[in-house]
Amino acid sequence: MLAIASVVALVSVIGSVGGDARWLVAMGRIVTERGSIPDHVPYAAAESNWNNVPVVAELSFYGLHAALGDHGLLLAQLAAVAFACTVL
């Protein structure tokens with residue numbers, strides 16, 4: 001338990017929220033506002049036609065960000081690190 005707590009503490013100090021996480025937040029906001037899943041990426045410079053597979057992740061990340069801001073995304077990252085260390 002001490003090793004897991006040490007790793008989580010280290011990640012909490014040096015961890016950062018990546019750009020992909022914020023992209024998921026933005027797409028989750030679009031899904032929430034429109035009430036439907038878009039079939040294209042509104043932020044793409046080129047035309048896109050894709051199946052929006054990570055929609056559950058988009059909604060989850062948007063919910064975390066709406067509730068706690070970037071701290072929510074970092075807390076989710078810390079929970080994932082703790083879970084992975086526990087499994088290992």
Side-chain angles (χ1 to χ4, degrees):
M1 294 303 284
L2 181 61
I4 293 171
S6 299
V7 171
V8 171
L10 177 65
V11 171
S12 71
V13 172
I14 64 173
S16 65
V17 177
D20 286 344
R22 291 188 177 95
W23 176 80
L24 288 171
V25 170
M27 289 297 292
R29 182 177 53 248
I30 289 172
V31 171
T32 303
E33 289 173 354
R34 292 184 184 173
S36 64
I37 300 171
D39 59 353
H40 67 285
V41 180
Y43 306 112
E47 186 175 332
S48 61
N49 185 11
W50 68 305
N51 295 325
N52 192 354
V53 176
V55 71
V56 173
E58 293 167 358
L59 293 172
S60 300
F61 275 54
Y62 176 66
L64 283 169
H65 191 269
L68 301 170
D70 282 344
H71 295 292
L73 299 177
L74 188 57
L75 285 173
Q77 182 177 351
L78 293 176
V81 167
F83 177 74
C85 288
T86 302
V87 169
L88 285 175

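What you see below is based on every heavy atom in this structure, not just the backbone, and it leaves out hydrogens, waters and symmetry mates. The residues of the chain are indexed from 1 along the displayed sequence.
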For residues 74-88, which side-chain donor-acceptor pairs fall under 3.5 Å, sequence neighbours excluded?
from: T86; atom 1: OG1; to: A82; atom 2: O; distance (Å): 2.7

same_hphob_cluster(Y62, L59) at 4.5 Å side-chain heavy-atom cutoff: no
Apart from L10 itself, what residues make up its hydrophobic cluster when side-chain heavy atoms of I, L, V, M, F, W and Y under 4.5 Å apart count as a link, directly or indirectly? V13, I14
With a cut-off of 3.5 Å and sequence neighbours excluded, list every side-chain donor-acceptor pair involving residues 28-37.
from: T32; atom 1: OG1; to: G28; atom 2: O; distance (Å): 2.8

Quick one: side-chain contact (heavy atoms from CB on, under 4.5 Å) partners of S16, sequence neighbours excluded? none
Does anything in residues 77-88 form a salt bridge (Lys or Arg N to Asp or Glu O under 4.0 Å)? List the pairs, not counting sequence neighbours. none
Contacts of D70 that satisfy salt bridge (Lys or Arg N to Asp or Glu O under 4.0 Å) - sequence neighbours left out: R22
Single-linkage hydrophobic cluster V25~V17, side-chain heavy atoms < 4.5 angstrom: yes
Over all atoms of both residues, closest heavy-atom pair of F61 and L73: CD2-CD2, 3.7 Å
